[in-house]
Amino acid sequence: MARRGSTLTTWSRWLRCTTPAARGWSTERRRRYANDLGSELTLVGVSARSNRQKADQDPATWMPMEAVHCRYLGEWVITKKRWGLSVDEAERAALFRYAAECPDVTLAYEPAA
């Protein structure tokens with residue numbers, strides 16, 4: 001359930017929109033992003049092996065084990081929406097492909113300050 005002031009979206013609605021990338025962010029906004037503790041999804045405990053495997057890859061080139069695909073995608077999309085981050089075409093295609101495994105998912109998020 002979404003908290004007051006949060007925004008709800010569906011996979012398909014989000015995947016069809018684009019938002020500006022972080023290239024134009026101020027130093028202060030970059031600092032807030034790097035230190036974001038405003039969402040319980042910001043820090044997720046994973047093994048060192050998984051962290052090394054993923055590195056800086058997006059869902060177009062890396063996905064965790066299948067059992068957690070829907071959770072991972074939801075957290076990925078919420079972070080992108082929360083911070084107004086864009087996706088490239090390969091990432092968008094992968095998100096559409098994997099989202100098909102997660103029918104009727106509604107994402108709740110609060111835009112970052």
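Position 1 is the first residue of the sequence, and the numbers go up from there.
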- Exercise: identify the closest heavy-atom pair between Gln57 and Gln53: NE2-O, 2.8 Å
- Query: Does the side chain of Tyr72 come within less than 4.5 Å of Pro59's, by heavy atoms?
  - Reply: yes
- Heavy-atom pair of closest approach, residues Ala94 and Ala60: CB-CA, 3.5 Å
- Query: Do you reckon Trp76 sits in the same ILVMFWY cluster as Trp62, going by side-chain contacts under 4.5 Å, direct or chained?
  - Reply: yes
- Message: If you count heavy atoms of other groups shown closer than 6.0 angstrom to CD of Glu66, is the number above 12?
- Response: no
- Message: Distance check, rounded to the nearest 0.5 Å: Arg49 atom CZ versus Arg52 atom CZ?
- Response: 8.5 Å
- Message: Quick check: do Thr61 and Glu91 have side-chain heavy atoms less than 4.5 Å from each other?
- Response: no
- Query: Any Lys/Arg nitrogen of Glu110 or Lys81 sitting under 4.0 Å from an Asp/Glu carboxylate oxygen of the other?
  - Reply: no
- Message: Between Ile78 and Trp83, does the side-chain contact (heavy atoms from CB on, under 4.5 Å) criterion hold? Intermediate values first, please.
- Response: CA-CA 8 Å; Ile78 286 170; Trp83 287 94; over 6 Å; no
- Task: Any chance you could measure Ser26, atom OG, to Arg32, atom CZ, to the nearest 0.5 Å?
- Result: 6.0 Å
- Item | Nearest atoms (heavy-atom pairs only) where Ala100 meets Pro103 | O-CD, 4.1 Å
- Item | Residue pair Met63, Leu73: steps toward the side-chain contact (heavy atoms from CB on, under 4.5 Å) verdict | CA-CA 9 Å; Met63 284 292 288; Leu73 288 173; 3.9 Å; yes
- Side chains of Asp58 and Asp88 in contact at under 4.5 Å (non-hydrogen atoms): yes
- Query: Would a distance-only check, ignoring hydrogens and angles, find a side-chain to backbone donor-acceptor pair under 3.5 Å from His69 to Tyr98?
  - Reply: no
- In terms of heavy-atom contacts, does CZ of Arg71 have more than 12 from other residues, nucleotides or ligands at under 6.0 Å? no
- Query: Are any non-hydrogen side-chain atoms of Val77 and Tyr109 less than 4.5 angstrom apart?
  - Reply: no
- Report yes or no: does Lys80 contribute a side-chain atom to a donor-acceptor pair with the main-chain N or O of Val87 at less than 3.5 Å? no
